[in-house]
Amino acid sequence: MVRERTFIAVKPDGVQRGLIGEIIKRFEAKGFKLAGMKYIQATEELLKQHYIDLADKPFYPGLCKYMSSGPVVAMCWEGTGVVKTARVMMGETRPADSKPGTIRGDFCIEVGRNIIHGSDSVESANKEIALWFKPEELVSWTQANECWIYE
């Protein structure tokens, strides 16, 4: 069975608000498998690489400053359709457009404080995972309950 991976980061506002456990809980409850996690103070260089596709946007400097304002929790999650499903679980980038039951719909008000980042495609997930994690920081393992999650 082909399983993909995605990159999820709890942003500084999510860390400060004590939402790390709630976010992890939602991904675990869905049935996704955690392949890597680190609590990190992201450097300016790392953030500039991560958000390189937004470098020409007027909000780019503020975004990098905000993301370096406190620690983040970087995670790699694995599972069938994890990239698309994670995007649905997170809700819209603008919290006001997010439905109740989504992470942003339940915990956010403003777009500049939307507590979570998730890869938007398998390609960007692979790029982001490689940027934030060394290969030896990711773990391949079999969930004991896998037969109850997948057919």
Side-chain angles (χ1 to χ4, degrees), residues 1-140:
M1 186 179 305
V2 177
R3 306 263 168 75
E4 62 191 34
R5 287 180 167 178
T6 194
F7 176 76
I8 299 292
V10 180
K11 295 178 178 182
D13 56 320
V15 172
Q16 292 290 336
R17 293 179 55 199
L19 296 172
I20 299 166
E22 176 65 30
I23 291 167
I24 291 171
K25 176 183 169 185
R26 288 181 182 218
F27 281 89
E28 286 183 326
K30 184 69 176 177
F32 293 128
K33 179 169 60 174
L34 187 61
M37 180 170 69
K38 63 169 87 171
Y39 188 63
I40 183 174
Q41 179 74 43
T43 65
E44 186 176 333
E45 182 178 319
L46 174 63
L47 293 168
K48 283 183 176 180
Q49 289 176 359
H50 180 83
Y51 290 114
I52 191 71
D53 59 324
L54 302 174
D56 61 342
K57 303 288 185 189
F59 59 83
Y60 176 76
L63 175 62
C64 290
K65 182 178 178 183
Y66 152 67
M67 286 296 292
S68 65
S69 68
V72 300
V73 177
M75 296 177 280
C76 174
W77 288 91
E78 184 177 302
T80 301
V82 70
V83 173
K84 182 179 178 183
T85 303
R87 299 290 295 178
V88 172
M89 290 171 63
M90 290 186 322
E92 302 297 322
T93 301
R94 291 173 33 107
D97 297 336
S98 296
K99 294 179 181 176
T102 65
I103 293 167
R104 291 176 178 147
D106 289 349
F107 301 113
C108 304
I109 296 171
E110 295 189 6
V111 69
R113 298 294 181 266
N114 66 7
I115 74 168
I116 191 168
H117 165 85
S119 303
D120 61 5
S121 68
V122 173
E123 180 182 72
S124 64
N126 293 334
K127 178 184 153 199
E128 291 171 350
I129 291 165
L131 182 64
W132 288 80
F133 292 95
K134 297 174 186 167
E136 64 270 16
E137 294 176 319
L138 299 174
V139 179
S140 292

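Predicted, not measured: the structure shown is a model, and the values here were computed from it. Keep in mind that the numbers below use all heavy atoms, side chains included, and drop hydrogens, waters and symmetry copies.
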Is there side-chain contact between [X] and [Y], with at least one heavy-atom pair below 4.5 Å?
X	Y	result
R5	F133	no
V73	M37	yes
K84	R87	no
F27	M75	no
H117	V72	no
Y51	K57	no
K33	V82	no
I115	I23	yes

Rounded to the nearest 0.5 Å, how far apart are [atom1] of [X] and [atom2] of [Y]?
X	Y	atom1	atom2	answer
C108	R94	SG	CZ	13.0 Å
M67	D13	CE	CG	8.5 Å
F107	I116	CZ	CD1	10.0 Å
E4	S121	CD	OG	9.5 Å
L34	I8	CG	CD1	11.0 Å
Q49	C64	CD	SG	11.0 Å

Please report the closest heavy-atom contact between [X] and [Y], naming both atoms and the distance.
X	Y	answer
D53	D56	O-OD1, 4.0 Å
S119	V83	O-CG1, 3.7 Å
D97	E92	O-CG, 3.4 Å
G70	P12	O-CG, 3.7 Å
T6	A125	CA-CB, 3.8 Å
V88	T102	O-CG2, 3.5 Å

Are W77 and F32 close enough that their ring centers fall under 6.0 Å?
no
Using modelled atom types and a 3.5 Å cut-off, is there a donor and acceptor pairing between side-chain atoms of [X] and backbone atoms of [Y]?
X	Y	answer
E137	K134	yes
Q41	S68	yes
N114	P95	no

What do you reckon, is NZ of K38 surrounded by more than 12 foreign heavy atoms closer than 6.0 Å?
yes
Other residues, nucleotides and ligands only: do more than 12 of their heavy atoms fall within 6.0 Å of CD on E44?
no
Starting from the C-alpha separation in whole Å, work towards a yes-or-no answer on side chain to side chain contact (heavy atoms under 4.5 Å, CB included) for I40 and W132.
CA-CA 10 Å; I40 183 174; W132 288 80; 3.9 Å; yes
Tell me whether the NZ or CZ atom of K11 lies within the 45° cone about the ring axis of Y66 and under 6.0 Å from its centre.
no
Taking salt bridge (Lys or Arg N to Asp or Glu O under 4.0 Å) as the cut-off, I'd like each qualifying pair that reaches into residues 102-131, sequence neighbours left out, listed once.
R26-D106
